[in-house]
Amino acid sequence: MQKRIFLLALLINISLWSQDQEKIYNDTLEQLNCMLKDSCQLSFKKAVMSVENAYYNNVLDTVGFNFEIKRLSSFTSSMVNQIKLKYQGKDSLKVKKYAALFSIVTDTIPIVDKDGVMYEYIPYVYDFEDIWGLKNWDSMFVSKLLETGKGNCHSMPYLYKILAEEIGADAHLAIAPNHIYIKHRNEIDGWYNTELTSGIFPNDAWLMASGYIHLDAITNKMYMEALSDKQSIAMCIIDLAQGYNKVFPDNDGQFVMKACQVALQYYPHYINGRILQAETKKKVFEKEVKKDFDVFTKEVYEDDFLRLQFLEIQHEYVSIHESGYRRMPEEMYLNWLNSLKEERKKYENKKITNTDKSN
């Protein structure tokens with residue numbers, strides 16, 4: 001009898017815990033939507049922190065997160081005044097900020113404290129374990145990057161953009177297949193790429209060398225576009241929905257669909273959002289008919305509602321393919337990243353390297 005009471009109490013506690021986290025996710029979605037609607041102040045840092053906190057069920061150390069961001073932004077600001085550039089544009093102060101941000105994320109920096117003791121600031125490094133968060137979703141998190149010093153092409157550009165926001169600089173996220181990088185613009189050189197996982201400024205030829213950027217994908221603004229702040233918040237909403245799927249793997253799809261609809265309203269070309277929306281529709285459909293999507297049975301065909309659902313989902317996948325999307329295998333992705341190191345001279349934008357780095 002006591003064992004049954006214990007189990008019942010445990011089940012009730014789990015249910016209440018689940019409901020609490022459901023509320024956190026819904027509240028977070030509303031908060032991000034509020035930013036997109038201009039009803040709340042847009043803050044990329046707050047958006048990222050809220051998404052990660054929802055995954056951790058409101059136990060993320062937000063005080064520690066904010067403290068570390070403040071420490072890094074103060075360090076970045078102090079470096080701006082020390083940087084000397086060959087760059088002679090009228091926007092040289094802005095370019096100095098870019099150079100300082102780049103150094104904070106990628107460079108080993110000698111520091112002398114007030115007592116004259118020298119030590120080294122150690123930069124962040126690429127973590128080759130679970131690069132897409134398939135085993136542990138928090139491998140994608142900025143909080144994990146801050147704690148361990150190791151990150152990936154999701155957390156490192158996110159941290160860079162957060163720090164840029166903190167010091168009053170603009171930094172634009174940009175998308176390549178399974179990859180995020182930074183785009184900047186100055187008055188002399190125009191737009192250029194900043195790659196944090198390898199610590200160089202690659203030209204567009206490197207991005208095209210992946211073999212997975214179809215011309216249609218560029219035409220349809222899927223890849224290589226400098227994203228607006230609202231589009232970056234839309235990316236956070238898709239991150240939120242993906243985290244929700246990890247926490248609630250047997251969910252009914254309603255929250256994820258709502259998140260996709262909000263995100264795609266402001267960033268309709270976001271491929272991760274489009275794929276997540278199609279996959280969610282497929283998942284719901286398969287639960288309804290109790291069969292795999294690829295099994296188009298007579299029962300489904302004869303039901304007008306199910307047939308229309310099936311054709312809609314099928315059309316969505318075709319549309320994604322026709323827009324230029326091609327899935328890049330993990331091994332090929334890693335080889336593509338390594339090509340920057342192995343063929344650095346071939347892909348490095350030397351003009352930017354000579355102007356954005358300090359003497």
*asked:* Using side chain to side chain contact (heavy atoms under 4.5 Å, CB included), reason through Phe141 and Val48 one step at a time and then give a plain yes or no.
replied: CA-CA 8 Å; Phe141 288 1; Val48 170; over 6 Å; no
_I'd like to know if the side chain of Ser103 and the backbone of Ala99 have a donor-acceptor N/O pair within less than 3.5 Å._
yes
*With no hydrogens and no angle check, is any side-chain donor or acceptor of Gln31 less than 3.5 Å from a backbone partner on Ser50?*
no
*Taking the side chain from Glu225 and the backbone from Ile175, do they hold a donor-acceptor pair closer than 3.5 Å?*
no
*asked:* Going by ring pair (Phe, Tyr, Trp, His ring centres under 6.0 Å), name the pairs with one or both residues in residues 63-83, residues two or more places apart or in two chains.
replied: Phe75-Tyr121
*Does any N or O in the side chain of Glu348 come within less than 3.5 Å of the main-chain N or O of Ile200, such that one atom is a donor and the other an acceptor?*
no
*Between Trp336 and Tyr212, does the ring centre distance come in under 6.0 Å?*
no
*Looking at the rings of Tyr158 and Phe44, which for Trp means the six-membered one, are their centres under 6.0 Å apart?*
yes
_Ile131 vs Tyr126, test: side chain to side chain contact (heavy atoms under 4.5 Å, CB included). Steps then yes/no._
CA-CA 9 Å; Ile131 59 172; Tyr126 192 84; 3.6 Å; yes
*Could you tell me which non-hydrogen atom of Leu134 sits nearest to which non-hydrogen atom of Lys246, and how far apart they are?*
O-NZ, 4.0 Å
*Verify the neighbour count for atom NZ of Lys183: are there more than 12 heavy atoms of other residues, nucleotides or ligands below 6.0 Å?*
yes
*asked:* Please check this pair: side chain of Lys94 against backbone of Arg185, looking for a donor-acceptor N/O pair closer than 3.5 Å.
replied: yes
_Looking at Lys150, I want to see if its NZ is surrounded by more than 12 non-hydrogen atoms of other residues, nucleotides or ligands under 6.0 Å._
no
*To the nearest 0.5 Å, what is the distance between CD (Gln242) and CG (Asn272)?*
6.0 Å
*Please check if the side chain of Asn203 supplies one atom and the backbone of Trp206 the other of a donor-acceptor pair under 3.5 Å.*
yes
*asked:* Would you say that more than 12 heavy atoms from the other residues, nucleotides or ligands in this model lie under 6.0 Å from the NZ of Lys283, or not?
replied: yes
*Check the pair Asp127 / Lys144 against side chain to side chain contact (heavy atoms under 4.5 Å, CB included), numbers first and verdict last.*
CA-CA 11 Å; Asp127 188 353; Lys144 181 259 184 185; 2.6 Å; yes
*Identify whether Leu42 and Ile162 are in the same connected component of the hydrophobic contact network (ILVMFWY, side-chain heavy atoms under 4.5 Å).*
yes
_Leu173 to Pro157 - nearest heavy-atom pair and separation_ = CD2-O, 3.8 Å
*Determine, using the 4.5 Å side-chain heavy-atom cutoff (strictly less than), whether Phe305 and Val289 are members of one ILVMFWY cluster.*
yes
*Donor-acceptor side-chain pairing of Ser198 and Arg344 below 3.5 angstrom*: no
_ILVMFWY network linking Val262 to Val284, side-chain heavy atoms under 4.5 angstrom_ = no
*Report yes or no: do Tyr317 and Glu279 form a side-chain donor-acceptor pair below 3.5 Å?*
yes
*Under the ring-ring contact (aromatic ring centres under 6.0 Å, His included) test, residues paired with His269 that sit two or more places apart*: none
*asked:* Distance alone, cut at 3.5 Å: any donor-acceptor contact between the side chains of Asp130 and Ser139?
replied: yes
*Tell me, yes or no, whether the heavy-atom count around Met257 atom CE, taken from other residues, nucleotides or ligands under 6.0 Å, exceeds 12.*
yes
_Within residues 151-177 or reaching into it, pairs that qualify as salt bridge (Lys or Arg N to Asp or Glu O under 4.0 Å) - sequence neighbours excluded_ = Lys45-Glu166, Lys161-Asp229
*Do other residues, nucleotides or ligands put more than 12 heavy atoms under 6.0 Å from the CZ atom of Arg326?*
yes
*Work out which heavy atom in Val256 is nearest to a heavy atom in Ala241; give both atom names and the distance.*
CG2-O, 4.0 Å
*Between Tyr98 and His184, how do the two ring planes meet: parallel, tilted or perpendicular, split at 30° and 60°?*
parallel
*Which pair of heavy atoms, one from Val247 and one from Pro249, lies closest together, and at what distance?*
O-CD, 3.3 Å
*Whether over 12 other heavy atoms sit under 6.0 Å from Glu147 CD*: no
*Where the side chain of Ser92 meets the backbone of Gln88, is there a donor-acceptor pair that is under 3.5 Å apart?*
no
*Does Ser39 use its side chain to pair, donor to acceptor, with the backbone of Met35 at less than 3.5 Å?*
no
*Can you name the nearest heavy-atom pair linking Ala234 to Tyr267, along with the distance?*
CB-CB, 3.8 Å
*For Glu30 and Lys23, run salt bridge (Lys or Arg N to Asp or Glu O under 4.0 Å): C-alpha distance rounded to whole Å, both residues' side-chain angles, the deciding distance at 0.1 Å, then the answer.*
CA-CA 11 Å; Glu30 286 304 312; Lys23 185 178 185 308; over 6 Å; no
*List in chain and number order the residues that pass ring-ring contact (aromatic ring centres under 6.0 Å, His included) with Tyr25, two or more places apart in sequence or in another chain; answer none if no residue qualifies.*
Tyr244, Phe255
*For Ile188, enumerate each residue passing the side-chain contact (heavy atoms from CB on, under 4.5 Å) test, keeping only those at least two apart in sequence or located in another chain.*
Tyr87, Asn186
_Nearest non-hydrogen partners of Val51 and Cys236, listed with the distance_ = CG2-O, 3.5 Å
*Hey, is the main chain of Asp216 close enough, under 3.5 Å, to the side chain of Asn220 for a donor-acceptor pair?*
yes
*Got a sec, which pairs hit disulfide bond (SG atoms under 2.5 Å apart) with one end in residues 23-113, sequence neighbours left out?*
Cys34-Cys40
*Using a 4.5 Å cut-off on heavy atoms from C-beta on, say whether the side chain of Thr194 contacts that of Leu101.*
no
